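So the structure is just underneath, and the comments pick up after that.
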Amino acid sequence: MSLLVLFYILAAVTLATAILTIISKNPIHSAIYLVICFFSIAGHYLLFNAQFLAIVHIIVYSGAIMVLFLFTIMLMNLNKEDEKNKPMLTSIAAVVSFCVFALVLIAVFVKAQPEMIEYATSGEDYQSIKVLGQVLLNEYMVPFETASVLLLVSMVGAVLLSKKETA
């Protein structure tokens, strides 16, 4: 019973911080709400008994991506004076589009029926970090290294873009 209560608390925190991320006027506050939302999603992963996914989610999203997001916000130097007012028609179109999309999603979820399948268990632990490390560094070595080179190149590119020219 306590897991169900914890799930509902995490779900409420996730939904509340996601909504606050969207409606917040200050981009820094929005980024902080997004970090809290990421942590609560990591809590959902822990409830699913996926500890590795929870830790990776915290490291990658809450750590690296949000730091990059905050640096981007700070480098853009957002000012209220530079922001143009959007026409009312654009806001109405956005609200209507969101409502139609939400209704479609609700209809899909209402019509969807879960498939009840009996799974055969083999007794092997596929969630352990040891097995995941062996798979990543044996079978998927080239894509794993390609992703790390891609991240390194993007980091160098971000540093070069943020430098001011002195000439």
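Numbers for residues simply follow the sequence, beginning at 1. Worth saying up front: this structure is predicted, and the values here are computed from it rather than measured.
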Is the shortest heavy-atom distance from the side chain of Cys37 to the side chain of Ile41 under 4.5 Å?
yes
Mark yes or no for whether Ser30, through its side chain, and Asn26, through its backbone, hold a donor-acceptor pair below 3.5 Å.
no
Can you tell me how far apart OH (Tyr33) and CD1 (Ile22) are? Round to the nearest 0.5 Å.
13.0 Å
Aromatic ring proximity His44/Phe7, centre distance under 6.0 Å
yes
Do the side chain of Thr17 and the main chain of Leu34 share a donor and acceptor less than 3.5 angstrom apart?
no
Going by atom types alone, do Ser40 and Thr14 pair a side-chain donor with an acceptor below 3.5 Å?
yes
Approximate separation, where rounding is to 0.5 Å, of Asn49 CG and Leu47 CG:
9.5 Å
Any chance you could lay out the side chain to side chain contact (heavy atoms under 4.5 Å, CB included) test for Phe39 and Ile58, step after step, and finish with the verdict?
CA-CA 6 Å; Phe39 272 100; Ile58 288 172; 3.7 Å; yes
Between the CE atom in Met141 and the OG1 atom in Thr146, the distance rounded to the nearest 0.5 Å is 10.0 Å
Are Leu46 and Val56 joined in one hydrophobic group, where the rule is that I, L, V, M, F, W and Y side chains link up if heavy atoms are under 4.5 Å apart?
no
Cluster check Ile36, Val60: I/L/V/M/F/W/Y, side chain < 4.5 angstrom:
yes
Same cluster (ILVMFWY, side-chain, under 4.5 Å), Leu3 and Tyr8
yes
Quick one: pull up NE2 in His29 and CD1 in Ile23 and give me the separation to the nearest 0.5 Å.
13.0 Å
In the single-linkage hydrophobic clustering (I, L, V, M, F, W, Y; side-chain heavy atoms under 4.5 Å), do Ile32 and Phe38 co-cluster?
yes
Value rounded to 0.5 Å, distance of CG in Leu150 from CE in Met155:
10.5 Å
CG of Leu4 to CD1 of Ile9, rounded to nearest 0.5 Å, is 10.0 Å
